A.B. asks: 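Before I ask anything, here is the structure I am working with.
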Amino acid sequence: MSSTEGAPRGVIPAHLLKGQKALVTGANSGIGKATAIGLGRAGADVVVNYVAGAEEAEKVVAEIASFGVRAAAYEADVSQEDQVVAMMDRMVQEFGTIDILVANAGLQRDAPFEEMTLAQWQKVLDVNLTGQFLCAREATKEFLRRGVVPEVSRAAGKIICMSSVHQVIPWAGHANYASSKGGIHMLMTTLAQELAPKKIRVNAIAPGAIKTPINQSAWETAEAREDLLRLIPYERIGDPEDIAYAAVALASDLLDYVVGTTLFVDGGMTLYPGFATGG
Ligand code: NAD
(Lines give C-alpha, C1' and ligand atoms only; values in the text may rest on other atoms or scores of the structure.)
Protein backbone atom coordinates (compact mmCIF):
# COMPACT_ATOMS: atom_id res chain seq x y z
CA MET A 1 0.00 0.00 0.00
CA SER A 2 1.43 3.42 -0.93
CA SER A 3 1.69 6.05 1.80
CA THR A 4 -1.25 8.38 2.31
CA GLU A 5 1.10 11.09 3.58
CA GLY A 6 0.12 14.49 2.18
CA ALA A 7 -3.10 13.18 0.62
CA PRO A 8 -6.00 15.65 0.80
CA ARG A 9 -8.55 15.48 3.61
CA GLY A 10 -11.49 17.58 4.76
CA VAL A 11 -11.38 21.15 5.97
CA ILE A 12 -12.13 22.55 9.42
CA PRO A 13 -15.60 24.20 9.53
CA ALA A 14 -14.87 27.92 9.91
CA HIS A 15 -17.61 28.63 12.48
CA LEU A 16 -17.21 25.61 14.74
CA LEU A 17 -15.60 27.61 17.56
CA LYS A 18 -16.84 31.08 16.65
CA GLY A 19 -16.71 33.53 19.54
CA GLN A 20 -14.58 31.26 21.74
CA LYS A 21 -11.27 32.35 23.22
CA ALA A 22 -8.46 29.82 23.22
CA LEU A 23 -5.03 29.70 24.81
CA VAL A 24 -2.45 27.27 23.43
CA THR A 25 0.82 26.92 25.33
CA GLY A 26 4.07 26.32 23.45
CA ALA A 27 2.30 27.49 20.31
CA ASN A 28 5.20 28.78 18.25
CA SER A 29 6.39 25.32 17.19
CA GLY A 30 5.21 21.88 16.15
CA ILE A 31 1.94 20.57 17.55
CA GLY A 32 1.09 23.76 19.49
CA LYS A 33 1.55 25.89 16.39
CA ALA A 34 -0.67 23.66 14.23
CA THR A 35 -3.28 23.51 17.00
CA ALA A 36 -3.36 27.29 17.47
CA ILE A 37 -3.79 27.69 13.70
CA GLY A 38 -6.48 24.97 13.64
CA LEU A 39 -8.46 26.65 16.43
CA GLY A 40 -8.19 29.98 14.59
CA ARG A 41 -9.43 28.36 11.37
CA ALA A 42 -12.39 27.05 13.36
CA GLY A 43 -13.26 30.64 14.32
CA ALA A 44 -11.72 30.96 17.78
CA ASP A 45 -9.70 33.96 18.92
CA VAL A 46 -6.32 32.60 19.97
CA VAL A 47 -3.55 33.47 22.40
CA VAL A 48 -0.26 32.01 21.20
CA ASN A 49 1.91 31.35 24.25
CA TYR A 50 5.67 31.01 23.82
CA VAL A 51 8.70 31.02 26.08
CA ALA A 52 11.38 31.79 23.45
CA GLY A 53 11.16 32.68 19.76
CA ALA A 54 8.98 35.80 19.60
CA GLU A 55 9.43 36.06 15.84
CA GLU A 56 7.97 32.60 15.14
CA ALA A 57 5.13 33.34 17.58
CA GLU A 58 4.30 36.53 15.66
CA LYS A 59 4.22 34.55 12.39
CA VAL A 60 1.68 32.17 13.93
CA VAL A 61 -0.34 35.17 15.12
CA ALA A 62 -0.30 36.67 11.59
CA GLU A 63 -1.49 33.39 10.07
CA ILE A 64 -4.33 33.08 12.58
CA ALA A 65 -5.33 36.73 12.10
CA SER A 66 -5.61 36.07 8.35
CA PHE A 67 -8.72 33.97 9.10
CA GLY A 68 -10.46 37.13 10.37
CA VAL A 69 -10.20 36.23 14.07
CA ARG A 70 -8.17 37.85 16.83
CA ALA A 71 -4.75 36.55 17.86
CA ALA A 72 -1.89 37.67 20.09
CA ALA A 73 1.43 36.27 21.27
CA TYR A 74 2.05 36.17 25.04
CA GLU A 75 5.44 35.28 26.49
CA ALA A 76 5.32 33.12 29.64
CA ASP A 77 7.22 30.18 31.07
CA VAL A 78 4.44 27.73 31.99
CA SER A 79 6.48 26.30 34.86
CA GLN A 80 6.54 29.68 36.66
CA GLU A 81 3.45 30.41 38.73
CA ASP A 82 3.72 34.21 38.58
CA GLN A 83 4.10 34.15 34.79
CA VAL A 84 1.10 31.85 34.28
CA VAL A 85 -1.07 33.97 36.58
CA ALA A 86 0.00 37.14 34.74
CA MET A 87 -0.66 35.52 31.34
CA MET A 88 -4.18 34.50 32.33
CA ASP A 89 -4.92 37.94 33.84
CA ARG A 90 -3.76 39.58 30.62
CA MET A 91 -5.90 37.23 28.51
CA VAL A 92 -9.01 38.00 30.54
CA GLN A 93 -8.27 41.72 30.30
CA GLU A 94 -7.55 41.76 26.57
CA PHE A 95 -9.78 38.95 25.26
CA GLY A 96 -12.51 39.10 27.91
CA THR A 97 -12.28 35.49 29.03
CA ILE A 98 -11.01 32.01 28.15
CA ASP A 99 -13.12 29.10 26.82
CA ILE A 100 -10.46 26.63 25.65
CA LEU A 101 -7.06 25.78 27.13
CA VAL A 102 -4.70 23.52 25.22
CA ALA A 103 -1.92 22.74 27.70
CA ASN A 104 0.64 21.69 25.13
CA ALA A 105 4.07 23.03 26.12
CA GLY A 106 6.54 20.26 26.75
CA LEU A 107 10.13 19.19 26.36
CA GLN A 108 12.55 16.29 26.72
CA ARG A 109 15.86 16.03 28.59
CA ASP A 110 16.89 12.46 27.79
CA ALA A 111 19.53 10.42 29.61
CA PRO A 112 20.24 6.82 30.60
CA PHE A 113 18.62 6.43 34.00
CA GLU A 114 21.80 6.07 36.04
CA GLU A 115 23.14 9.29 34.50
CA MET A 116 19.98 11.37 34.71
CA THR A 117 20.63 14.47 36.80
CA LEU A 118 18.14 15.90 39.23
CA ALA A 119 18.11 19.03 37.06
CA GLN A 120 17.06 16.98 34.00
CA TRP A 121 14.37 15.20 36.01
CA GLN A 122 13.09 18.41 37.58
CA LYS A 123 13.04 20.47 34.38
CA VAL A 124 10.85 17.95 32.55
CA LEU A 125 8.46 17.54 35.49
CA ASP A 126 8.31 21.33 36.00
CA VAL A 127 7.40 22.13 32.39
CA ASN A 128 5.41 19.06 31.34
CA LEU A 129 3.42 18.38 34.49
CA THR A 130 3.54 21.41 36.81
CA GLY A 131 3.06 23.66 33.77
CA GLN A 132 -0.20 21.88 32.96
CA PHE A 133 -1.30 22.07 36.61
CA LEU A 134 -0.71 25.83 36.74
CA CYS A 135 -2.37 26.62 33.40
CA ALA A 136 -5.34 24.36 34.12
CA ARG A 137 -5.83 25.88 37.58
CA GLU A 138 -5.78 29.45 36.34
CA ALA A 139 -8.12 28.66 33.42
CA THR A 140 -10.50 26.86 35.79
CA LYS A 141 -10.77 29.94 38.02
CA GLU A 142 -11.98 31.95 35.04
CA PHE A 143 -14.33 29.18 33.79
CA LEU A 144 -15.94 29.07 37.25
CA ARG A 145 -16.17 32.86 37.54
CA ARG A 146 -17.90 33.16 34.16
CA GLY A 147 -19.94 29.95 34.02
CA VAL A 148 -21.74 28.62 30.95
CA VAL A 149 -22.68 31.07 28.22
CA PRO A 150 -25.04 28.94 26.08
CA GLU A 151 -24.64 31.04 22.93
CA VAL A 152 -20.89 30.38 23.05
CA SER A 153 -20.64 26.76 24.24
CA ARG A 154 -22.51 24.11 26.21
CA ALA A 155 -19.52 23.87 28.58
CA ALA A 156 -18.15 26.46 30.97
CA GLY A 157 -14.72 25.57 29.65
CA LYS A 158 -12.64 22.94 27.90
CA ILE A 159 -9.18 21.81 28.94
CA ILE A 160 -7.11 19.65 26.60
CA CYS A 161 -3.94 18.21 28.09
CA MET A 162 -1.22 17.25 25.62
CA SER A 163 -0.07 13.86 26.79
CA SER A 164 1.75 11.18 24.79
CA VAL A 165 1.62 7.50 23.98
CA HIS A 166 4.25 7.41 26.75
CA GLN A 167 1.52 7.82 29.33
CA VAL A 168 1.16 4.07 28.77
CA ILE A 169 4.27 2.90 26.84
CA PRO A 170 7.37 2.78 29.05
CA TRP A 171 10.34 4.50 27.34
CA ALA A 172 13.91 3.53 28.20
CA GLY A 173 16.21 6.54 28.41
CA HIS A 174 13.30 8.88 29.03
CA ALA A 175 12.27 8.16 32.64
CA ASN A 176 11.54 11.83 33.33
CA TYR A 177 9.41 12.32 30.21
CA ALA A 178 7.40 9.09 30.59
CA SER A 179 6.79 9.91 34.27
CA SER A 180 5.55 13.39 33.37
CA LYS A 181 3.10 11.96 30.82
CA GLY A 182 1.91 9.24 33.23
CA GLY A 183 1.32 12.07 35.70
CA ILE A 184 -0.67 14.02 33.14
CA HIS A 185 -2.98 11.05 32.75
CA MET A 186 -3.92 11.07 36.45
CA LEU A 187 -4.03 14.88 36.57
CA MET A 188 -6.40 14.90 33.59
CA THR A 189 -8.75 12.16 34.84
CA THR A 190 -8.86 13.61 38.36
CA LEU A 191 -9.64 17.09 37.07
CA ALA A 192 -12.24 15.65 34.70
CA GLN A 193 -13.99 13.91 37.60
CA GLU A 194 -13.76 16.95 39.89
CA LEU A 195 -14.78 19.58 37.36
CA ALA A 196 -17.41 17.80 35.25
CA PRO A 197 -20.25 18.78 37.63
CA LYS A 198 -19.13 22.36 37.11
CA LYS A 199 -19.53 21.85 33.35
CA ILE A 200 -15.82 21.96 32.62
CA ARG A 201 -14.73 19.24 30.20
CA VAL A 202 -11.20 17.95 30.69
CA ASN A 203 -9.66 15.55 28.16
CA ALA A 204 -6.25 14.66 26.77
CA ILE A 205 -4.67 13.90 23.44
CA ALA A 206 -1.92 11.29 23.32
CA PRO A 207 0.09 11.80 20.14
CA GLY A 208 2.23 9.02 18.74
CA ALA A 209 5.13 9.96 16.48
CA ILE A 210 4.48 13.40 15.04
CA LYS A 211 6.99 15.20 12.82
CA THR A 212 8.13 18.16 14.97
CA PRO A 213 11.45 19.54 16.24
CA ILE A 214 11.11 17.59 19.54
CA ASN A 215 11.79 14.24 17.81
CA GLN A 216 13.62 15.32 14.64
CA SER A 217 16.33 12.67 15.06
CA ALA A 218 13.64 9.95 14.89
CA TRP A 219 12.42 10.91 11.40
CA GLU A 220 15.02 13.04 9.59
CA THR A 221 17.13 10.23 8.09
CA ALA A 222 15.75 7.40 5.93
CA GLU A 223 17.13 4.83 8.36
CA ALA A 224 15.57 6.43 11.44
CA ARG A 225 12.30 6.78 9.57
CA GLU A 226 12.25 3.10 8.67
CA ASP A 227 12.87 2.13 12.31
CA LEU A 228 10.10 4.43 13.45
CA LEU A 229 7.61 3.15 10.86
CA ARG A 230 8.03 -0.35 12.26
CA LEU A 231 6.30 0.92 15.41
CA ILE A 232 3.31 2.36 13.51
CA PRO A 233 0.70 -0.07 12.10
CA TYR A 234 -0.83 2.66 9.94
CA GLU A 235 2.59 3.11 8.29
CA ARG A 236 2.85 6.85 8.29
CA ILE A 237 4.44 9.35 10.63
CA GLY A 238 1.92 11.86 11.95
CA ASP A 239 1.75 15.54 11.00
CA PRO A 240 1.10 18.29 13.55
CA GLU A 241 -2.26 18.77 11.77
CA ASP A 242 -3.32 15.28 12.86
CA ILE A 243 -3.23 16.58 16.43
CA ALA A 244 -4.73 19.97 15.55
CA TYR A 245 -7.84 18.30 14.07
CA ALA A 246 -8.26 16.19 17.20
CA ALA A 247 -7.95 19.28 19.41
CA VAL A 248 -10.50 21.25 17.37
CA ALA A 249 -12.98 18.38 17.61
CA LEU A 250 -12.44 17.88 21.35
CA ALA A 251 -12.82 21.61 22.02
CA SER A 252 -16.07 21.83 20.07
CA ASP A 253 -19.59 21.07 21.28
CA LEU A 254 -19.73 18.22 18.74
CA LEU A 255 -17.83 16.25 21.38
CA ASP A 256 -19.70 17.76 24.35
CA TYR A 257 -20.29 14.34 25.95
CA VAL A 258 -16.60 13.40 25.89
CA VAL A 259 -15.25 13.85 29.42
CA GLY A 260 -12.06 12.47 30.95
CA THR A 261 -10.95 10.63 27.82
CA THR A 262 -7.51 10.34 26.29
CA LEU A 263 -7.76 10.40 22.52
CA PHE A 264 -4.80 8.44 21.14
CA VAL A 265 -3.74 9.94 17.81
CA ASP A 266 -0.94 7.55 17.02
CA GLY A 267 -1.57 5.51 13.86
CA GLY A 268 -2.01 2.48 16.11
CA MET A 269 1.32 2.76 17.94
CA THR A 270 -0.33 1.62 21.18
CA LEU A 271 -1.55 -1.62 19.54
CA TYR A 272 1.71 -3.47 20.33
CA PRO A 273 2.69 -3.86 16.64
CA GLY A 274 5.42 -6.36 17.60
CA PHE A 275 2.61 -8.82 18.29
CA ALA A 276 1.25 -8.56 14.73
CA THR A 277 3.72 -11.28 13.75
CA GLY A 278 5.07 -12.51 17.09
CA GLY A 279 3.65 -13.67 20.40
P1 NAD B 1 8.15 21.26 19.97
O2 NAD B 1 9.48 21.22 20.58
O3 NAD B 1 8.02 21.59 18.52
O4 NAD B 1 7.18 22.22 20.77
C5 NAD B 1 7.20 22.35 22.16
C6 NAD B 1 6.79 23.76 22.51
O7 NAD B 1 6.76 23.91 23.93
C8 NAD B 1 7.77 24.80 21.97
O9 NAD B 1 7.05 25.89 21.46
C10 NAD B 1 8.55 25.19 23.21
O11 NAD B 1 9.11 26.49 23.14
C12 NAD B 1 7.43 25.13 24.24
N13 NAD B 1 7.93 25.16 25.61
C14 NAD B 1 8.93 24.44 26.17
N15 NAD B 1 9.12 24.81 27.45
C16 NAD B 1 8.20 25.78 27.71
C17 NAD B 1 7.88 26.55 28.85
N18 NAD B 1 8.57 26.41 29.99
N19 NAD B 1 6.87 27.45 28.75
C20 NAD B 1 6.18 27.61 27.61
N21 NAD B 1 6.44 26.91 26.50
C22 NAD B 1 7.44 26.00 26.55
O23 NAD B 1 7.52 19.81 20.24
P24 NAD B 1 6.08 19.21 19.92
O25 NAD B 1 6.32 17.88 19.38
O26 NAD B 1 5.25 20.18 19.17
O27 NAD B 1 5.53 19.02 21.40
C28 NAD B 1 4.31 19.57 21.88
C29 NAD B 1 3.71 18.63 22.92
O30 NAD B 1 3.35 17.40 22.30
C31 NAD B 1 4.64 18.29 24.07
O32 NAD B 1 3.91 18.27 25.28
C33 NAD B 1 5.11 16.89 23.72
O34 NAD B 1 5.48 16.15 24.85
C35 NAD B 1 3.87 16.33 23.06
N36 NAD B 1 4.12 15.17 22.21
C37 NAD B 1 4.81 15.26 21.05
C38 NAD B 1 5.01 14.12 20.27
C39 NAD B 1 5.73 14.14 18.95
O40 NAD B 1 5.92 13.07 18.36
N41 NAD B 1 6.14 15.28 18.43
C42 NAD B 1 4.50 12.90 20.70
C43 NAD B 1 3.82 12.84 21.92
C44 NAD B 1 3.62 13.99 22.66
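Each ligand, and each atom within it, is numbered from 1 in the order the structure gives. What you see is a predicted model; the values in this text were computed from it and never measured.
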A.B. asks: Using the test ring pair (Phe, Tyr, Trp, His ring centres under 6.0 Å), find all partners of Tyr177 that sit at least two apart in sequence or belong to another chain.
C.D. replies: Trp171

A.B. asks: Could you pull out the closest heavy-atom pair between Ala111 and Met116, with the gap in Å?
C.D. replies: O-CE, 3.6 Å

A.B. asks: Go through the structure and list residues passing side chain to side chain contact (heavy atoms under 4.5 Å, CB included) with Lys33, not counting sequence neighbours.
C.D. replies: Ile37, Glu56, Val60

A.B. asks: Strictly by salt bridge (charged side-chain N to carboxylate O under 4.0 Å, His left out), give each pair with a member in residues 261-279 just once, sequence neighbours left out.
C.D. replies: none

A.B. asks: Can you list, by chain and residue number, every protein residue with a non-hydrogen atom closer than 4.0 Å to ligand 1?
C.D. replies: Gly26, Asn28, Ser29, Gly30, Ile31, Asn49, Val51, Ala76, Asp77, Val78, Asn104, Ala105, Gly106, Leu107, Val127, Met162, Ser163, Ser164, Tyr177, Lys181, Pro207, Gly208, Ala209, Ile210, Thr212, Pro213, Ile214, Asn215

A.B. asks: Might you point out which heavy atoms bring Ala36 and Val48 nearest each other, and give the distance in Å?
C.D. replies: CB-CG2, 4.4 Å

A.B. asks: Side chains of Leu228 and Met269: closer than 4.5 Å at any heavy-atom pair?
C.D. replies: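 With C-beta onward as the side chain, the pair touches.
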
